[in-house]
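Notes follow once the structure below has been shown.
Numbered from 1 within each chain, the chains take letters A, B, ... in sequence-line order. Below, each value reflects all heavy atoms present in this structure, side chains not excepted, and no hydrogens, waters or symmetry copies.
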There are 2 protein chains.
Amino acid sequence: MANSNLYKGSLTTIILKLLSEHDKMYGYEITQKVKALTKGELKITEGALYPSLHKLEAEGLLDVEVAKVDNRLRKYYKLTEKGTTETVHKLSELEQYIATLQSLINPKLSY
Amino acid sequence: MANSNLYKGSLTTIILKLLSEHDKMYGYEITQKVKALTKGELKITEGALYPSLHKLEAEGLLDVEVAKVDNRLRKYYKLTEKGTTETVHKLSELEQYIATLQSLINPKLSY
DNA sequence: ATATATACATAATTTTCTTATGCATGCAAA
DNA sequence: TTTGCATGCATAAGAAAATTATGTATATAT
């Protein structure tokens with residue numbers, strides 16, 4: 001699988017996108033979802049994930065709700081209104097960046 | 001143009017790819033080529049470029065040849081054999097990563 | 001008892017940028 | 001004539017965003 005590393009900068013967008021599709025998710029769930037969706041290609045480490053979630057919360061893009069399930073702590077995150085707006089923005093930026101990369105690394109496929 | 005920033009990790013691959021198509025290039029030429037190919041979307045800063053070139057050279061992926069043109073210094077870089085191999089490798093990693101991203105951010109387009 | 005899965009968290013370190021600055025040449029515009 | 005812009009290199013300081021290594025705790029399976 002080559003390299004399970006993230007390209008720095010894309011994690012935040014990935015988190016926001018998942019939350020835009022799932023109403024609310026907790027950290028561990030996000031790591032599992034990403035692993036499943038990418039067939040193991042991408043593994044979000046806790047050391048990257050949790051600080052990211054905290055930052056998104058601090059920026060007002062996510063709201064948190066703590067829950068106790070099966071005697072275990074879970075922190076559910078969901079998009080705020082601002083977070084929803086920012087998701088659209090960050091997604092289009094990432095898509096634009098991918099298109100730009102394509103024009104460099106695979107010019108023939110860039111229409 | 002949203003955000004002219006690089007996603008960290010892709011610069012090296014971009015440099016190698018350009019060199020795989022152009023035999024030899026000098027730093028400033030690379031910045032101009034990238035700007036042209038991406039229609040101004042991506043601007044490689046010198047602060048990112050030169051340290052990258054030096055690192056690639058130190059790793060044995062590039063050879064340097066100094067030339068004086070119009071009384072100005074130019075340092076031409078070209079791929080070594082090892083560099084050519086590594087280019088193939090890094091390109092496929094980046095393409096794989098892009099495909100993985102697509103499967104997360106735009107599932108419908110991933111066939 | 002030990003390992004694995006679930007669930008959170010943070011500290012130290014590394015990588016890789018941005019921003020700012022510096023040096024030098026050549027040319028065009030004011 | 002000096003001011004700015006393009007050409008061409010370089011490095012230092014700082015920021016951002018990861019990796020790696022820990023730590024805590026519960027539950028289940030071996």
Side-chain angles (χ1 to χ4, degrees), chain A residues 1-16 24-36 40 42-59 61-62 64-77 90 93-94 97 100-101, chain B residues 1-16 24-36 40 42-59 61-62 64-77 90 93-94 97 100-101:
Chain A
M1 121 186 65
N3 182 344
S4 179
N5 291 343
L6 278 169
Y7 269 68
K8 303 181 183 190
S10 45
L11 175 58
T12 293
T13 308
I14 290 170
I15 293 171
L16 293 175
K24 65 176 183 177
M25 299 182 83
Y26 56 99
Y28 186 76
E29 185 184 11
I30 291 173
T31 67
Q32 300 308 300
K33 191 58 124 182
V34 167
K35 209 199 287 183
L42 201 57
K43 287 169 188 162
I44 307 297
T45 61
E46 306 105 306
L49 179 70
Y50 293 114
S52 267
L53 288 172
H54 300 160
K55 194 183 175 209
L56 290 170
E57 187 196 350
E59 290 168 349
L61 306 186
L62 300 184
V64 197
E65 180 199 322
V66 179
K68 196 130 189 177
V69 180
D70 292 335
N71 203 32
R72 272 201 201 89
L73 189 72
R74 280 185 191 173
K75 290 176 94 170
Y76 282 99
Y77 290 92
K90 279 194 183 289
E93 269 190 5
L94 183 52
Y97 187 75
T100 296
L101 268 188
Chain B
M1 125 186 61
N3 181 344
S4 179
N5 290 345
L6 278 168
Y7 270 67
K8 303 186 184 188
S10 46
L11 176 58
T12 293
T13 308
I14 290 169
I15 293 171
L16 292 175
K24 65 176 184 179
M25 299 181 84
Y26 56 101
Y28 186 76
E29 184 183 12
I30 291 174
T31 67
Q32 300 309 300
K33 191 59 126 184
V34 167
K35 209 199 285 182
L42 200 56
K43 287 169 187 160
I44 307 297
T45 61
E46 306 104 307
L49 178 69
Y50 293 114
S52 267
L53 287 172
H54 301 161
K55 194 182 174 211
L56 289 169
E57 187 195 350
E59 290 169 350
L61 305 186
L62 300 184
V64 196
E65 179 198 325
V66 180
K68 197 133 192 176
V69 179
D70 291 334
N71 203 33
R72 273 201 199 86
L73 191 72
R74 280 186 190 170
K75 290 176 93 171
Y76 282 99
Y77 290 91
K90 280 194 181 292
E93 269 189 4
L94 183 52
Y97 187 75
T100 297
L101 269 188

B/Tyr50 side chain near D/dA10 phosphate (N/O to OP1/OP2, under 4.0 Å): no
Sugar-phosphate only, base, or nothing, as touched by A/Arg74 at under 4.0 Å among non-hydrogen atoms: sugar-phosphate
Least distance between heavy atoms, B/Tyr76 atom then B/Glu29 atom: CE2-OE1, 4.5 Å
Position toward the 5' end of DNA chain D (nearest nucleotide), A/Leu11 or B/Gln32: B/Gln32
Separation of C/dC8 P from A/Asp70 CG (nearest whole Å): 13 Å
Euclidean distance, atom CG of residue B/Leu56 to atom P of C/dT16 [Å, nearest integer]: 10 Å
Distance test, side-chain N/O of A/Tyr26 to OP1/OP2 of C/dC8, below 4.0 Å: no
B/Glu29 CD - D/dG8 C1' separation (whole Å): 12 Å
Nearest heavy atoms of B/Val34 and B/Leu42, plus distance in Å: CG1-O, 3.5 Å
Side chain to side chain contact (heavy atoms under 4.5 Å, CB included) between A/Val69 and A/Arg72, worked out: CA-CA 5 Å; A/Val69 180; A/Arg72 272 201 201 89; 5.8 Å; no
Given DNA chain C, 5'-ward residue of the pair A/Gly47 and A/Arg72, judged by closest heavy atom: A/Arg72
Touch class at under 4.0 angstrom, heavy-atom based, for A/Gly27 against every strand present: sugar-phosphate
Whole-Å gap separating P (D/dG8) and CG (B/Asn71): 12 Å
Polar side-chain contact A/Lys75-C/dA7 base: donor and acceptor under 3.5 Å: no
Any A/His54 side-chain N or O less than 4.0 Å from OP1/OP2 of C/dT10: yes
For atom CD of B/Glu65 and atom C1' of D/dG8, their distance in whole Å: 16 Å
B/Lys55 side chain near C/dT16 phosphate (N/O to OP1/OP2, under 4.0 Å): yes
Between B/Tyr97 and B/Ser10: side-chain donor-acceptor atoms closer than 3.5 Å: no
Value in whole Å for how far the P atom of C/dC8 lies from CD of A/Glu46: 10 Å
Spacing between A/Leu53 atom CG and C/dT10 atom P, to the nearest angstrom: 11 Å
Heavy-atom pair with the smallest gap, counting every atom of B/His54 and B/Tyr77: CD2-OH, 3.7 Å
Rounded distance in Å - CD1 (B/Ile15) to P (C/dT16): 11 Å
Sugar-phosphate only, base, or nothing, as touched by B/Lys68 at under 4.0 Å among non-hydrogen atoms: nothing
